[in-house]
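Okay, so here's the structure we're looking at.
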There are 2 protein chains.
Amino acid sequence: MPTASVERQIESRLRDRDVRYTRGRRALIGALSSADGPKSASELFVELGMPLSSVYRSLNVLEEAGVVIPHHGARGLTRYEMAEWLAGHHHHLVCVNCGSVEDIQIPQGHETRLTSIIRDVATAASFTPTDHSLEIEGRCSRCA
Amino acid sequence: MPTASVERQIESRLRDRDVRYTRGRRALIGALSSADGPKSASELFVELGMPLSSVYRSLNVLEEAGVVIPHHGARGLTRYEMAEWLAGHHHHLVCVNCGSVEDIQIPQGHETRLTSIIRDVATAASFTPTDHSLEIEGRCSRCA
DNA sequence: TTCCTTGCAAACGATTTGCATTGGA
DNA sequence: TCCAATGCAAATCGTTTGCAAGGAA
């Protein structure tokens, strides 16, 4: 269940692009915005009981509209999560054992330091950064 | 063409694990160690003219031996690169336009700062970090 | 010689697509 | 009403695997 504000932002974004905000798409957004990490199409298929092809098609539409973003993981699995302008900037803890991905926020001070490191190295490489993510691999508390 | 030292380290690592260092595997290592970013199985297939299944099988063997590591990217494509103990620790510049991935090293001072940030946030999340990578998305110099 | 490795083709699993039908604005 | 969205099944694409033949130690 997305907050009313997020819900409104999505509605307006989709309307601007002539994309309908249908029952199925609302269900997907609901599942993704209440998750604590990215979810795969097949997880959503099981959770929502909606045809797999519809899950894939709607996720693609929502991705093109910039509402969700894909996260590519082990075994060729793609997991989706809410875009950062809706869910807030965050990083990932990737468990090398069970493959789970957990979202984390980092303290503002750290984020500032990170941004400055990125500006530095991107400039040195003639690269224009638009986004970044710190991927921390290791073992989650369950797999420790 | 890997350096003689890297070559020796790989030989010894594989010997320890009773894995043969064959012509095909040497070709893969040669291609990966002279690349400036990760390569996919199909790119290696085209570049080396070796059967796809052999490319996949050898990459899996080399991955299990800890010689190469997979990098999962857009459209479910897996790209491989030399493991960090052979190629050195580095980060990635991912072009959102052409999908290319470029390896970069960052200055020691920055790396130290990064490590301390990671230790901090992982501890707070009861996560045991084993590795990390800073993924910087944006436009490469060619696509700018 | 003895296994490990290779090649080929068939099998797989995740994702996409064609087409007829349904449904939202 | 009218075109986008959906459901189903078939097609695709990257990747894996069974099995017989070849090659390294």
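Just so it is clear, the model here is predicted, and its values are computed rather than measured. Numbers restart at 1 for each chain; the letters A, B, ... are given by sequence-line order, proteins then strands.
The pair B:E43-B:R79 counts as a salt bridge, with a side-chain nitrogen and a carboxylate oxygen less than 4.0 angstrom apart. One finds no salt bridge joining B:R20 and B:E11 here, because no Lys/Arg side-chain nitrogen approaches an Asp/Glu carboxylate oxygen to under 4.0 Å. Ionic pairing of A:R142 and A:E102 is not present here: no N-O contact between side-chain nitrogen and carboxylate oxygen is shorter than 4.0 angstrom. Remark: B:E47 engages B:K39 in a salt bridge, criterion side-chain N to carboxylate O under 4.0 Å.
Comparing C:dT6, D:dT15, C:dG7 by their nearest atom to the side chain of B:M50 picks out C:dG7. Proximity note for A:A41 (side chain, C-beta onward) versus C:dT15, C:dG7, D:dT15: the nearest is C:dT15. Across C:dT5, C:dG23, C:dA14, the shortest atom-to-atom separation from the side chain of A:Y56 is found for C:dA14. Picking from D:dT15, C:dA14, C:dG7 the nucleotide with the shortest atom distance to the side chain of B:P51 gives C:dG7. Ranking C:dT6, C:dC8, D:dC3 by closeness to the B:S53 side chain, first place goes to C:dC8.
Side-chain rings of B:H91 and A:H132 stay apart, their centers remaining 6.0 Å or farther from each other.
If you take CD of A:E63 and P of C:dT15, they are 12 Å apart, rounded to a whole angstrom. Straight-line distance from the CZ atom of A:R17 to the P atom of C:dG24: 23 Å, rounded to whole Å. In this structure, A:F45 places its CZ atom 16 Å from P of D:dT6, rounding to the nearest Å. Atom pair A:L52:CG and C:dA14:P shows a separation of 9 Å (rounding to whole Å applied). Look at CG on A:L59: it is 13 Å from C1' on C:dT16, rounded to the nearest Å. Rounded to an integer number of Å, the gap from B:L77 CG to C:dT15 P is 13 Å. Atom C1' of nucleotide C:dT22 and atom CZ of A:R20 are separated by 11 Å, given to the nearest angstrom. As a whole-Å value, the separation of B:L14 CG from C:dT5 C1' is 13 Å.
Contact between the side-chain N/O atoms of A:R25 and the OP1/OP2 oxygens of D:dA5 is found at a separation under 4.0 Å. Within the 4.0 Å cut-off from OP1 or OP2 of C:dG24, not a single side-chain nitrogen or oxygen of A:T22 is found. Between A:R23 and the phosphate of D:dT6, there is no side-chain N or O to OP1/OP2 separation shorter than 4.0 Å. For the pair B:N60 and D:dT16, the criterion of a side-chain N or O lying under 4.0 Å from OP1 or OP2 is met.
The other members of the hydrophobic cluster of B:I106, by chain and number, are A:L93, A:I104, A:I106, A:L114, A:I117, A:I118, A:V121, A:F127, A:L134, A:I136, B:L93, B:I104, B:L114, B:I117, B:I118, B:V121, B:F127, B:L134, B:I136 (side-chain heavy atoms under 4.5 Å, ILVMFWY only).
Residue-level contact check: B:T78 touches the backbone only, with heavy atoms under 4.0 Å from sugar-phosphate atoms and none from bases. Within 4.0 Å (heavy atoms only), B:V61 reaches no atom of the nucleic acid at all. At the heavy-atom level, A:S58 lies under 4.0 Å from the strands shown only through sugar-phosphate atoms.
Place B:R79 and B:R26 on DNA chain D by their nearest nucleotides, and B:R79 ends up nearer the 5' end.
For a distance-only test at 3.5 Å, the side chain of A:R57 qualifies as a donor-acceptor partner of the base of C:dG18.
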